[in-house]
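The structure appears right after this line, and notes come after that.
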Amino acid sequence: MKVLCFSSFTFSYLNRARVLYQTLRKFHPDWELAALITDRPPLGFHFDAAREPFDRVVWAEDLGIEAFPGWLFKHDVVEACTAVKGPFLHQACASGADIVIYLDPDTALFAPLDPLIERLRTAEIALTPHLLDPNTDRAAILDHDLSASRTGIFNLGFVAVRATGEGARFAAWWNDRLLDYCYDDIPMGLFVDQRWCDHVPALFSHVDIIRDPGFNVASWNLSQRRLAIDGQGAILVNGSPLRFWHFTKLGPTGDVMTKRYAGDNYPVYEIWRWYKDQVTAATDPSIPTRYWAYDQFSDGTPIARAHRLVYRERPDLQAAFPDPFDARPGGFRSWLAREGLIDGEVG
Amino acid sequence: MADEASLDHVYRILSTAFDATFYRLVYPDIAQAGIEPLRHYADAGWREGRDPTAWFSTRAYRDANPDLGEVDPFHHYLTAGWREGRSPEPSVHGAPYLWRQADAGHATDWGFDRPRTRPPSPPRPPVPGPGPDAARALVEPEFDTDFYLWANRDIAELGIEPLNHFLHTGWREGRDPRRDFSVSDYLELNPDVAAVGMNPFVHWLLAGRAEGRVAGYDLGFRYQVLQRLEPMADRLALAAERAAKVRTKPANILVEALAGRRSAAGDLHITFSHDDYTTNVGGVQLCIQREAAAMAALGRDHLHLHPPSHWPIVRGSGDVAALGVVWNGKPIGAFPAVDLIAALKPGPAKARRGFAIHNLLGHAPDEVIAILGAAGMGAGHIWLHDFTSLCAGYHLMRNEVADCGAPPPDSPACGLCVYGPYRAAQVAAHARLFEALDLTVVAPSRSTYELWRARTTAPADQPHLIAPLARLVPREATATPARQGPLRVAFLGMPSPHKGWPAFRDLAERFEDDPRYEFLHLASAPVKGIRFAFHKVAVTAKRPRAMLDALETLGIDVAILWSLCRETFSFTVHEVAAAGVAILTRPDSGNIAAFTDEGGHGRVLSGEDELFGLFERGEVLALSRAIRQPAHFDLAYSALTVDLLEGA
């Protein structure tokens with residue numbers, strides 16, 4: 001079985017991605033590991049893909065997305081890194097792999113994913129729900145159950161497909177949807193790629209909803225998952241081996257949610273302590289915090305979300321300015337200035 | 001197993017950094033009274049909040065480290081705090097003192113930064129929520145005045161009205177209105193409340209409680225331990241830094257010292273451990289003291305080798321460091337290993353020679369082999385005082401929070417542990433010793449040997465012995481009148497999480513008003529912030545029976561020996577049993593559980609739930625002395641390796 005596993009990230013998430021790929025290499029040295037990067041290396045940082053813990057890099061601009069600069073401009077960093085998952089998965093299904101797996105860069109493996117491969121002998125699409133057990137505590141219902149209702153039943157930090165049949169059909173559908181509708185627009189019924197997948201059990205067959213609590217453990221399901229470490233050194237989640245953890249929101253916000261729901265279940269803090277150490281060790285200080293090459297015009301002016309929204313909603317602007325990043329006079333930046341939406345030369 | 005530091009030992013440590021001139025100048029009452037400054041500081045000064053030197057504020061250190069309890073902050077900093085990454089603050093008298101010294105022509109090569117001027121604070125915005133009278137009316141019936149005064153001694157001392165203080169400034173300073181409400185947790189959990197700047201307790205009473213908001217986290221003590229866990233890389237960097245500062249002495253001093261022999265026949269015993277047993281205090285050190293004394297009685301020379309500064313794991317061959325040398329009980333300095341190898345000679349054919357590796361921490365295996373080779377030794381003993389030979393975390397406490405039992409090194413648990421990356425080297429170092437030397441493994445208890453045997457990579461036929469460090473000897477009970485009253489339940493020694501203090505503290509707090517029980521802490525120093533009784537007991541080399549005597553005198557019925565890690569040998573459990581006290585312990589406390597179970601000295605419980613249930617239902621009352629009528633014993637201590645020598 002030829003397995004291709006990929007993650008999608010920018011250089012500011014390279015540290016987390018390195019940790020993920022190190023764990024993938026450890027447990028699955030035979031898998032092909034691809035890094036899908038929607039970014040360009042920062043000045044002062046020498047990016048040597050050969051020294052990274054993945055086998056190859058795919059740049060988002062090389063995915064063949066039509067009118068790429070304009071398409072990219074319509075997305076903020078989270079939307080962009082999510083949207084490119086669709087085209088990659090679709091193309092990967094035709095690359096010769098039998099199974100294609102996506103994992104968010106802030107996940108890490110703690111045991112082999114062999115049971116997943118086993119499941120994909122019969123299933124063709126595998127998804128992990130945010131919640132496996134309903135919450136009963138009011139605060140947890142507000143934080144998790146209702147949040148999942150808004151943002152999607154399944155967590156798309158993970159998805160795995162067979163490269164043929166329903167898996168390939170899902171990938172083609174997801175590609176189409178994400179190219180046009182991968183936005184953080186909850187009132188519209190969109191939360192990047194996630195809300196789309198609420199449709200998956202209805203639109204596709206051979207869907208495996210993984211109910212193994214060892215998959216995709218995160219702060220949003222800790223209220224119903226209890227960690228334990230046994231005498232043989234196995235890490236168990238509600239009695240099942242921990243496969244992978246989703247370290248969402250590394251920092252104070254994530255810490256508060258973890259503490260709130262893990263309580264005195266101390267192995268959770270052992271896992272976080274380990275992860276923070278790994279990320280620190282994998283951090284290159286020459287990459288500026290929150291760096292993203294596409295968060296500014298070519299003259300260095302920061303791009304505000306409002307600039308992206310106006311461009312996204314106006315086909316006339318998209319037609320007039322096919323490369324909206326270009327800050328030369330007469331470009332989109334000048335238009336924004338003329339409209340009083342940005343400081344600077346009106347051009 | 002650790003002994004308490006003797007006063008002489010405390011003086012010796014303090015004297016390395018104490019500034020007597022500073023103390024005299026800053027506290028003229030001491031100079032006028034003609035009291036020796038160091039002695040005054042150690043005996044009373046620190047309790048009075050006096051500072052020992054310009055760079056150390058006793059009060060600031062104590063305030064910054066509320067977990068320390070009632071110990072001298074300076075002594076703590078010098079012996080442990082610096083290693084744990086705790087930082088001192090300069091004395092408020094420090095800068096004026098240095099300036100005064102400089103004015104008098106006594107220049108120092110260090111000083112303080114200029115005091116930073118703080119910008120004036122903007123006026124406080126009004127507090128949202130109910131007005132002062134309404135807030136007071138709301139809080140008053142829910143406020144625990146006794147708790148507030150107990151938790152905030154400064155308020156009690158100043159005589160401030162507690163509720164007023166809490167409502168005006170206390171909550172802003174993070175002081176809690178009662179035991180089960182945490183101001184800081186509530187603000188962290190509820191950023192909406194923090195954002196509006198409202199008194200969190202008022203918010204909780206007014207709305208939060210009804211909305212299902214929790215009054216604080218319930219994280220358990222292990223969370224705090226993990227927060228303080230120091231990365232091994234930092235510990236090793238610090239160890240390397242300290243090792244680099246060690247000054248070695250010339251080889252001729254070593255040669256001259258070794259020439260001063262006890263044994264004309266060339267009889268020699270070499271021991272290896274992690275430190276100098278003559279200047280450090282602890283269980284292993286006491287053991288080596290006993291072994292050294294017995295060797296002296298046999299007329300054999302004794303060479304003890306140790307890393308001159310603390311080194312937390314086995315040393316790799318690339319980590320060059322000197323060796324500290326103690327010759328016949330006298331420390332003679334640090335020397336490069338090559339000098340030691342050159343100075344040692346094989347003895348005469350009939351010379352009785354042997355060695356004991358008490359601990360390999362800070363030693364490099366090839367160096368040990370070369371040293372023993374130079375002294376003509378191949379056969380000796382390796383003691384399992386701890387599990388250094390199984391893992392760099394020699395207590396087998398994964399991330400210092402849970403007993404791990406040394407699972408397979410490639411297990412997920414080892415992958416999570418701070419010691420995981422260092423385990424293979426530690427095991428390989430010992431494997432090298434087992435391969436090169438004729439070693440007999442000596443375990444101080446059977447449970448220790450059994451775990452070691454199950455997990456070691458040493459050959460299956462590696463010779464071994466089980467040699468307890470002390471044993472019970474029957475004696476007549478001293479006639480003490482039968483005591484009436486509540487069951488006396490004690491915790492003994494250092495109040496550390498490893499030893500299970502948090503479980504005892506929680507138990508004592510839960511049942512503090514229960515007339516059936518009385519809780520006591522027996523140790524050399526009290527803990528800040530506990531409400532049950534403390535009895536000072538200092539076990540020293542001169543008073544080894546101090547704990548045993550105290551247990552009998554106080555008529556303690558039950559001791560909670562709730563060690564979280566596997567004790568290889570527990571002197572405490574032996575003392576407790578000797579004094580006729582019943583033991584309650586956990587299943588994986590190693591020698592404690594095994595000894596308790598085998599000798600019928602108490603009960604091995606499944607965990608904290610069972611412990612609390614026993615007290616709740618009153619079943620523990622069956623363990624009172626009056627009901628058990630226990631036997632009493634004395635303790636006979638072993639002479640360790642000397643007891644194992646043929647014909648010794």
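In this text, all values refer to a predicted model and were calculated from it rather than measured experimentally. In what follows, chains carry the letters A, B, and so on, assigned in the order in which the sequence lines appear, proteins first and then strands, with residues in each chain numbered from 1.
The nearest pair of heavy atoms linking B:Val193 to B:Pro200 is CG1-CA, 4.2 Å. Nearest heavy-atom pair, B:Phe491 versus B:Ile560, reported as atom, atom and distance to 0.1 Å: CD1-O, 3.9 Å.
Remark: A:Phe27 engages no residue in a ring-ring contact (aromatic ring centres under 6.0 Å, His included) (not counting sequence neighbours).
For chain A, the option among B:Gly415, B:Gly212, B:Gly405 with the highest count of heavy-atom pairs below 4.5 Å is B:Gly415.
Proximity to chain A (any heavy atom under 4.5 Å) is shown, for B:Val225, by neither the backbone nor the side chain.
Once rounded to the nearest 0.5 Å, the distance linking CG of B:Leu605 with CZ of B:Phe612 reads 11.5 Å. In this structure, CZ on A:Phe45 lies 9.0 Å from CG on A:Asp48, to the nearest 0.5 angstrom.
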Can you list the donor-acceptor atom pairs spanning chain A and chain B that come in under 3.5 angstrom?
residue: A:Arg138; atom: NE; partner: B:Glu211; partner atom: O; Å: 2.9
residue: A:Gly231; atom: O; partner: B:Arg455; partner atom: NH2; Å: 3.4
residue: A:Gly233; atom: O; partner: B:Ala413; partner atom: N; Å: 2.8
residue: A:Lys259; atom: NZ; partner: B:Glu188; partner atom: OE2; Å: 2.7
residue: A:Arg260; atom: NH2; partner: B:Leu189; partner atom: O; Å: 2.8
residue: A:Asp264; atom: N; partner: B:Asp218; partner atom: O; Å: 3.0
residue: A:Glu270; atom: OE1; partner: B:Arg398; partner atom: NE; Å: 2.8
residue: A:Glu270; atom: OE1; partner: B:Asn399; partner atom: ND2; Å: 2.8
residue: A:Glu270; atom: OE2; partner: B:Arg398; partner atom: NE; Å: 3.4
residue: A:Glu270; atom: OE2; partner: B:Arg398; partner atom: NH2; Å: 2.8
residue: A:Arg273; atom: NH2; partner: B:Leu416; partner atom: O; Å: 3.1
residue: A:Trp274; atom: NE1; partner: B:Gly415; partner atom: O; Å: 3.2

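Side-chain contact of A:His130 with A:Asn221: a donor-acceptor pair under 3.5 Å is absent, judged by distance alone.
Surrounding CZ of A:Arg290 are at most 12 heavy atoms belonging to other residues, nucleotides or ligands under 6.0 Å away.
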